[in-house]
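Here is the structure we will look at, set down as structure tokens.
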Amino acid sequence: MAQIRPLMRLQVSLAPHAVDRLQKQRPHVTCSERLAGLETQAWDLAGQEFNLASPKQLGVILFEKLKLVDKPKKTKTGQYSTAEEVLSYLAKDHTIIQCILEYRGLSKLKSTYVDALPEQVLESSGHIHTEYMQTVAATGRLSSNNPNLQNIPIRTPRGQQVRKAFIPRDKEHVLVAADYSQIELRIIAALSKDLGMVDAFQNNEDIHSATAAKVFGVSLENVTREQRSNAKTVNFGIIYGVSAFGLSQQTSLTRTESKELIETYYATYPKLRNYIQDQIDFARDNGYVSTVLGRRRYLKDINSQNAIVRGAAERNAVNAPIQGSAADIIKLAMISIQKELRNKNWKSKIPNFYRKKYFKKT
DNA sequence: AATTTCACG
DNA sequence: ACGTACGTGAAATTA
């Protein structure tokens, strides 16, 4: 059995000044000071000291002492859940909730990125080196670790500041990003051969607006923000194997409204329903599903007697060919790009290939 | 070592 | 009546 080793390492540098700047909230407030202030404020609102970073202690404060809600949601081990989606749904107007959420966001960025990444700059190269793993993700995607460079923040303003710390090695280099637009929805459009969805892509339409227009029966320019947002959620839901309950959790819609929306969606893109059912049927008969390049995901639970377990396997049967085919296509693109750069004798490159001996831990 | 939470696609 | 979105990795807390 050949040993599985990382495919390659990607090197990126960190800007020292950006890293310094990230320590500071405002000119004279460091992250640590802000975090301490938030914890003190939370203690004040709770009427006692506790570890704000401890979900266990926090659950007791919120749901036993302050009794913020009647029926707190529990985790699978019976603890009170204090996950962000629970807190903001239950009581986003409470000052203590706002403290918790800002504390969580700030401490996440500080511990996982601002503090950890500079530690990972390799002395011998002066760069950050990640490992890409070829044989970890069940769908065929690459994964990244030590450090994970596939989850560098970008969604929030503070997160964008973190991402800005990544710079090319010197003035002679630039970082280039290449990315497919809506690749998973394009794949499901192509595989299902649903002409409505194919047409929307071929006409270069915003797929979420186009979906909203069709589903809600309005013209493209009259789609409201809420309609587009709901259509977007269903589009993603389809990729994951949507349920009415799941959709209602992700939107402000009730379960009944969600069910109707899904029905209307399938009426809009009728071949998607066939495609999804065909994938589930194939998995049931064969025990696996395939991507466009023939990569298989085996689904041992597809015929389980347990409806919950079977349901999860059915969602995998829908999702794996889509997510996995996207991974196939992106890997082909990486190869094409690499070849093109070489053929043109350009200095630009995708990562240097991994050579263990060059990257011994120091 | 397991759990919880949260960063990304 | 049940429980439910797909795929990862890392840090802090808890057991």
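Because the structure is a prediction, the values reported are computed rather than measured.
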Task: Rounded interatomic separation in angstrom, taking CZ from A:R297 and C1' from C:dG7 - done: 8 Å

Task: For atom CZ of A:F166 and atom P of B:dC8, their distance in whole Å - done: 12 Å

Open item on the list: If you compare every side-chain N and O of A:R315 against the phosphate oxygens of C:dA5 (OP1, OP2), does one of them come in below 4.0 Å?
Closed with: no

Task: Straight-line distance of A:S290 OG to A:R295 CZ, nearest 0.5 Å - done: 10.5 Å

Open item on the list: At 4.0 Å (heavy atoms only), tell me whether A:V318 reaches a base, stays on the sugar-phosphate, or touches nothing.
Closed with: nothing

Open item on the list: I need the A:R169 CZ to A:H127 NE2 distance, nearest 0.5 Å.
Closed with: 4.5 Å

Open item on the list: On the nucleotide B:dT5, are OP1 or OP2 found under 4.0 Å from the side-chain N or O atoms that A:S81 carries?
Closed with: yes

Task: Whole angstrom value for the distance that separates P of C:dC6 from CG of A:D301 - done: 13 Å

Open item on the list: Say we look at B:dT4 and C:dA5: how far apart would their P atoms be, to the nearest angstrom?
Closed with: 14 Å

- [ ] Report the distance from atom CG of A:D179 to atom C1' of B:dC8, rounded to the nearest whole Å.
- [x] 12 Å

TODO: Check whether the side chains of A:Y265 and A:T211 place a donor and an acceptor atom closer than 3.5 Å, and report yes or no.
DONE: no

Open item on the list: Between A:T75 and A:S81, is there a side-chain donor-acceptor contact under 3.5 Å, judged purely by atom types and distance?
Closed with: no

Open item on the list: Protein within reach of the bases, or only the backbone? For nucleotides 10-15 of chain C, mark each nucleotide 5' to 3' as B, S or -, using heavy atoms under 4.0 Å.
Closed with: BSSSSS

Open item on the list: Assess, by modelled atom type and distance only, whether the side chains of A:T82 and A:R104 contain a donor and an acceptor separated by less than 3.5 Å.
Closed with: yes

Task: Intra- and interstrand pairs of DNA chain C - dot-bracket, Watson-Crick/G-U under 3.5 Å, | marks other strand - done: .....|||||||||.

Open item on the list: If I take atom NZ in residue A:K73 and atom C1' in nucleotide B:dT4, what distance separates them, rounded to the nearest angstrom?
Closed with: 12 Å

- [ ] Using heavy atoms to find the nearest nucleotide of DNA chain C for A:A137 and A:I308 separately, return the residue whose nucleotide is more 5′.
- [x] A:I308

Open item on the list: Say we look at B:dT5 and C:dT4: how far apart would their P atoms be, to the nearest angstrom?
Closed with: 14 Å

Task: Rounded distance in Å - CD (A:Q134) to P (C:dG9) - done: 14 Å

- [ ] State whether A:R104 places a side-chain N or O below 4.0 Å from either non-bridging phosphate oxygen (OP1 or OP2) of B:dC6.
- [x] yes

Task: A:K214 side chain reached by A:Y269 side chain, heavy atoms, under 4.5 Å - done: yes

- [ ] Hydrophobic side-chain clustering at under 4.5 Å (ILVMFWY, transitive links): who's grouped with A:L220? Put none if nobody.
- [x] none

Task: Side-chain-base donor-acceptor pair under 3.5 Å for A:Q323 and C:dC6 - done: yes

Open item on the list: Once side-chain hydrogen bond (donor to acceptor under 3.5 Å, both in side chains) is applied, what residue pairs with a partner in residues 53-70 of chain A remain, sequence neighbours excluded?
Closed with: A:Q48-A:K65, A:E64-A:Y80

TODO: First locate atom CD of A:E226, then atom OG1 of A:T251, and finally report the distance between them rounded to the nearest 0.5 Å.
DONE: 9.0 Å

TODO: Please work out if A:I154 contacts a base, only the sugar-phosphate, or nothing of the nucleic acid, heavy-atom cut-off 4.0 Å.
DONE: sugar-phosphate

- [ ] Look at the side-chain N and O atoms of A:R155 and state whether any lies under 4.0 Å from the OP1 or OP2 oxygen of B:dC8.
- [x] yes

Open item on the list: Using whole Å, what does the distance between atom C1' of nucleotide C:dA5 and atom CD of A:E314 come to?
Closed with: 14 Å

Task: Any residue of residues 239-256 of chain A with a heavy atom less than 4.0 Å from an atom of DNA chain B - done: none

Open item on the list: Within the structure provided, determine whether A:M197 and A:N235 are in side-chain contact (heavy-atom separation under 4.5 Å).
Closed with: yes

Open item on the list: A:Q120: which residues meet the side-chain contact (heavy atoms from CB on, under 4.5 Å) condition with it, sequence neighbours left out?
Closed with: A:I128, A:P147

- [ ] Any chance you could measure A:I167, atom CD1, to A:D170, atom CG, to the nearest 0.5 Å?
- [x] 9.5 Å

- [ ] For the pair A:T30 and A:S32, evaluate side chain to side chain donor-acceptor pair (under 3.5 Å) and give the outcome as yes or no after the intermediate values.
- [x] CA-CA 5 Å; A:T30 66; A:S32 304; 4.5 Å; no

Open item on the list: Heavy atoms only, 4.0 Å cut-off, all strands: where does A:G311 land among base, sugar-phosphate and nothing?
Closed with: nothing

- [ ] In whole angstrom, give the distance that lies between atom NZ of A:K76 and atom P of B:dA2.
- [x] 12 Å

